[in-house]
There are 2 protein chains.
Amino acid sequence: MTQDFSKDKPIYAQLVDRICGDVLKGYLKPGEKLPSVREYAIESGVNVNTVQRVYKELEAMEMTETKRGQGTFITTNEERIGQLREEMMTQLATQFLTMIDSLGFTKEEMIEVLKKGG
Amino acid sequence: MTQDFSKDKPIYAQLVDRICGDVLKGYLKPGEKLPSVREYAIESGVNVNTVQRVYKELEAMEMTETKRGQGTFITTNEERIGQLREEMMTQLATQFLTMIDSLGFTKEEMIEVLKKGG
DNA sequence: ATTAGTGTACTATGTCAATAGTACACTAAT
DNA sequence: ATTAGTGTACTATTGACATAGTACACTAAT
């Protein structure tokens, strides 16, 4: 099933984000097995190598553990998941603050807009 | 003067952001003339076409007015600048909210992090 | 030992965005 | 008409990304 991907970001990055989100939201539980690279490639309508890159990045950030011949699994280290959650939040916040500053907005007015939105 | 550009974003986009910020902050006044594409290219250590693209985008968003043979000027339409300010804020906010949602964070916890940071 | 299922590695190819180099076109002043 | 200064258009190059095909390596089950 070919899925819809945004053009402003590489597919592998979007898949990484999606899986990260599913883990942080609890949709994917610690220890749970992800689809094989081939399965996921077909599901998403992308190439095996693209999925491989996704799994590689996820493992590099210790969000998953890959066992050759067996598959790729969400890490059972729940503390690590918590760490990642913190790291990603502060990183997102920092980037956002830098961006709004360079565009001439203040943190306070931006927070107001955020409260109203979504 | 070769300047420092981030690698995670195209140079032209960074220059657009910078000029937008300078306008919104009031560092660049309505009617003020920007450097010529060649001047700016040399100053920034980039190619003429990169600057041209920057000026093109700025004109497309009606932040500047380009007069062939004369130069590129900040728009004298101050209302338009105010509009752009609003548009950019809501757009930034929307993108940010979408991003944090897809990564599994709530708006409220993110706002807390923002308040502490920066 | 064989098989099926898994991840991994390597090379080649195509596409597109970003950038660069160069030549052209318009405007104002002389 | 010429010149200097401006924006514009065209083509080429580079690199990142995605794809494709193929081969390899490990694991578990039989």
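A note on names: the letters A, B, ... follow the listed sequences, proteins ahead of strands, and every chain is numbered from 1.
- Within a 6.0 Å radius of CD in A:E32, other residues, nucleotides and ligands contribute more than 12 heavy atoms.
- Judged by closest nucleotide on DNA chain C, A:G71 is the one of B:V46 and A:G71 placed further toward the 5' end.
- Within a 6.0 Å sphere centred on CD of B:E78, heavy atoms belonging to other residues, nucleotides or ligands number 12 at most.
- Computed from coordinates, the A:F5 CZ to D:dT19 P distance equals 8 Å when rounded to whole Å.
- The structure places CZ of B:R38 at 10.0 Å from CD of B:Q52, a figure rounded to the nearest 0.5 Å.
- As the counterpart of C:dT15, D:dA16 is assigned, both hydrogen-bonding distances of the Watson-Crick or G-U wobble pattern falling under 3.5 Å.
- Between A:K56 atom NZ and C:dC10 atom P there is a gap of 9 Å when expressed in whole angstrom units.
- Remark: P of D:dT19 and CG of A:L15 are 10 Å apart, rounded to the nearest angstrom.
- Across the strands present, D:dA23 finds its partner in C:dT8; the criterion is a Watson-Crick or G-U wobble pair with both atom distances under 3.5 angstrom.
- For A:K107, the NZ atom is densely surrounded, since the number of other residues' heavy atoms within 6.0 Å is greater than 12.
- Between B:F96 and A:F96, the ring planes are parallel. Angles under 30° get that label, and only those over 60° would be called perpendicular.
- Distance, B:N47 CG to C:dA23 P: 14 Å, rounded to whole Å.
- One can place OH of B:Y40 at 19 Å from C1' of D:dT8, the figure rounded to the nearest angstrom.
- Scanning all heavy atoms of the two residues, the minimum distance from A:L103 to B:L92 falls at CD1-CD1, 3.8 Å.
- If you find the closest nucleotide of DNA chain D to A:Y12 and to A:K67, the one lying nearer the 5' end belongs to A:Y12.
- In this structure, A:I11 places its CD1 atom 19 Å from P of C:dG14, rounding to the nearest Å.
- A donor-acceptor contact under 3.5 Å links the side chain of B:N49 to the base of D:dA9.
- Cluster membership for A:F73 and A:L28, using ILVMFWY side-chain heavy atoms within less than 4.5 angstrom, is not shared.
- To the nearest angstrom, C1' of C:dT19 lies 14 Å from CD of B:E57.
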Report, one pair per line, the protein and nucleotides 27-30 of chain C atoms (nitrogen or oxygen only) whose separation is under 3.5 Å.
from   : atom 1 : to    : atom 2 : distance (Å)
C:dA28 : OP1    : B:Q70 : NE2    : 3.2

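- The partner of C:dA28 is D:dT3, by the rule that a Watson-Crick or G-U pair needs both atom distances under 3.5 Å.
- For DNA chain D, the residues of residues 28-39 of chain B within the heavy-atom distance limit of 4.0 Å (strictly under) are B:K33, B:S36, B:V37, B:R38, sorted by number.
- Between the CG atom of B:L58 and the CD1 atom of B:I19 there is a distance of 5.0 Å, given to the nearest 0.5 Å.
- Within a 6.0 Å sphere centred on NZ of A:K25, heavy atoms belonging to other residues, nucleotides or ligands number more than 12.
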